[in-house]
Amino acid sequence: MTAPKIAIWDFDGTLGHRRYGTWAECLLEILDVQQPGHPWSFPDVFDALATGFPWHTADEPHPHLSDPDAWWDHVTAVITTALTRLGIAASQSEAAAKATRATYTDPATWSLYPQTLPVLDQLKAAGWHHVLLSNHVPELPLLLARLDLDARLHKAINSAAIGYEKPHPETFRLARSTASVPPRRLVMIGDNPEADIAGARRSGIEAIWVRRNQHTDTPDLAGAARILLREAEQAPHLSPPMHEVPPLPPTTARATAPIR
């Protein structure tokens, strides 16, 4: 059996994104509807949400949150507490927190970056198997299906289902185990320097950091693909290599760059 080449992809901020922003922006959307004219800004909400989510304690397994309702009960409580700390009345905080699940997971608010599908398809034609490894919400499979991404994946591993968050070593062990034989090449591609890149390298996995300097930046996935299409042999005594790919320039971010 031929040893496979496996690309392990992060999702949010790498292959796709929530167009209106993630957690803080989502809460502001809800507050704008429920409490028009409220005084809270993005920094206020962002700072309030800096603790409590499962990925904030990635060193601790959370198998008790593997049920979707249990996961959302936990996150809803975290958001309620955070909004209460901002000075929002308890009943209003709870109402906003309970609206988060439907608002955050609305498939209409999620999209792929322009290069995503062409890059995945070209790499698949070159013999690469794609594995998704994401710290995400329980509804991630629904989002992947609506984005036409699930059919392109050999496997999708979601932290909300397995009870581990990147950069916990178990997440990378599970990604590695998707190959029935030791892979010829195993590479993690992501935008988070700690959860994706440092975590992968600590687990002995080569990594490509598709850097985004601002949350509005578009990752250069074609640049990552060019690295993957170069055959690389790693000396056994060396630490796994790390490659850095800067974001696309704003003027070209909407175009699908060719892979050469």
Side-chain angles (χ1 to χ4, degrees), residues 5-25 42-43 46 50 55 58 109-136 143-144 147 149 152-153 165-167 171-172 175 185-234 238-260:
K5 296 180 291 185
I6 297 178
I8 309 170
W9 298 90
D10 171 54
F11 175 62
D12 193 359
T14 301
L15 296 179
H17 62 116
R18 187 174 182 276
R19 291 195 299 274
Y20 309 121
T22 54
W23 294 98
E25 293 92 342
F42 172 80
F46 182 85
W55 42 81
T109 67
W110 289 86
S111 60
L112 299 176
Y113 290 111
Q115 294 182 346
T116 296
L117 296 183
V119 162
L120 293 182
D121 290 344
Q122 184 155 0
L123 288 170
K124 184 176 181 179
W128 284 85
H129 295 184
H130 300 304
V131 172
L132 192 79
L133 180 60
S134 180
N135 293 350
H136 219 274
L143 300 177
L144 299 179
L147 294 169
L149 198 56
R152 290 172 164 84
L153 301 174
E165 306 284 331
K166 293 179 296 183
T171 62
F172 296 101
R185 195 168 171 204
L186 184 67
V187 186
M188 175 77 210
I189 308 99
D191 70 308
N192 188 303
E194 174 56 29
D196 297 325
I197 307 309
R201 297 183 75 218
R202 286 195 294 268
S203 292
I205 298 172
E206 181 181 352
I208 300 175
W209 180 22
V210 283
R211 197 182 76 233
R212 294 190 306 134
N213 300 326
Q214 307 291 333
H215 76 280
T216 54
D217 284 345
T218 299
D220 184 2
L221 302 182
R226 285 189 281 272
I227 296 169
L228 292 173
L229 291 170
R230 295 199 302 259
E231 290 297 328
E233 296 296 334
Q234 180 189 343
L238 297 178
S239 61
M242 190 277 279
H243 316 271
E244 182 176 341
V245 179
L248 288 172
T251 54
T252 61
R254 292 187 177 276
T256 300
I259 302 171
R260 297 188 178 90

| field | side chain to side chain donor-acceptor pair (under 3.5 Å) partner of Lys166, chosen from Asn135, Thr171, Asp196 | value | Asp196
Might you point out which heavy atoms bring [X] and [Y] nearest each other, and give the distance in Å?
X	Y	value
Pro219	Val210	CB-CB, 4.0 Å
Thr14	Trp9	CG2-CE3, 4.1 Å
Pro114	Thr218	CD-CG2, 4.4 Å
Pro246	Glu244	CD-O, 4.0 Å
Pro167	Ala58	CD-CB, 3.7 Å
Gln115	Leu248	NE2-CD1, 3.6 Å

Taking [Y]'s backbone N and O only, do any of them form a donor-acceptor pair with [X]'s side chain (distance below 3.5 Å, no angle check)?
X	Y	answer
Asp121	Pro118	no
Lys5	Ala126	yes
Gln122	Val119	no

Report the distance from atom [atom1] of [X] to atom [atom2] of [Y], rounding to the nearest 0.5 Å.
X	Y	atom1	atom2	value
Trp128	Leu120	CH2	CG	12.5 Å
Leu143	Ser134	CG	OG	9.5 Å
Leu15	Ser111	CG	OG	12.0 Å
Ile227	His243	CD1	NE2	5.5 Å
Ile208	Met188	CD1	CE	10.5 Å
Asp220	Arg226	CG	CZ	5.5 Å

| Just by distance, with hydrogens left out, do Trp110 and His17 show a side-chain donor and acceptor under 3.5 Å apart? | no
Under a 4.5 Å cut-off applied to non-hydrogen side-chain atoms, are [X] and [Y] in contact?
X	Y	result
Lys124	His130	yes
Leu153	Leu144	yes
Leu123	Leu228	yes

| request: Dump the intermediate steps for side chain to side chain contact (heavy atoms under 4.5 Å, CB included) on Glu206 and Arg185, then the final yes or no. | output: CA-CA 8 Å; Glu206 181 181 352; Arg185 195 168 171 204; 2.9 Å; yes
| task | Have a look at Phe11 and tell me which of Leu133, Leu112, Asp191 forms a side-chain contact (heavy atoms from CB on, under 4.5 Å) with it. | result | Leu112
| request: Walk me through it: do Leu221 and Thr116 pass the test side chain to side chain contact (heavy atoms under 4.5 Å, CB included)? | output: CA-CA 7 Å; Leu221 302 182; Thr116 296; 3.4 Å; yes
| note | With sequence neighbours left out, the residues meeting salt bridge (Lys or Arg N to Asp or Glu O under 4.0 Å) with Arg201 are none
| request: Verify side chain to side chain contact (heavy atoms under 4.5 Å, CB included) between Leu149 and Leu117, making sure each step is shown before the conclusion. | output: CA-CA 8 Å; Leu149 198 56; Leu117 296 183; 3.9 Å; yes
| said: Between Glu194 and Arg202 (salt bridge meaning N to carboxylate O under 4.0 Å), is one present in this structure? | reply: yes
| task | Would you please test Asn192 and Trp209 for side chain to side chain contact (heavy atoms under 4.5 Å, CB included) and show each step? | result | CA-CA 7 Å; Asn192 188 303; Trp209 180 22; over 6 Å; no
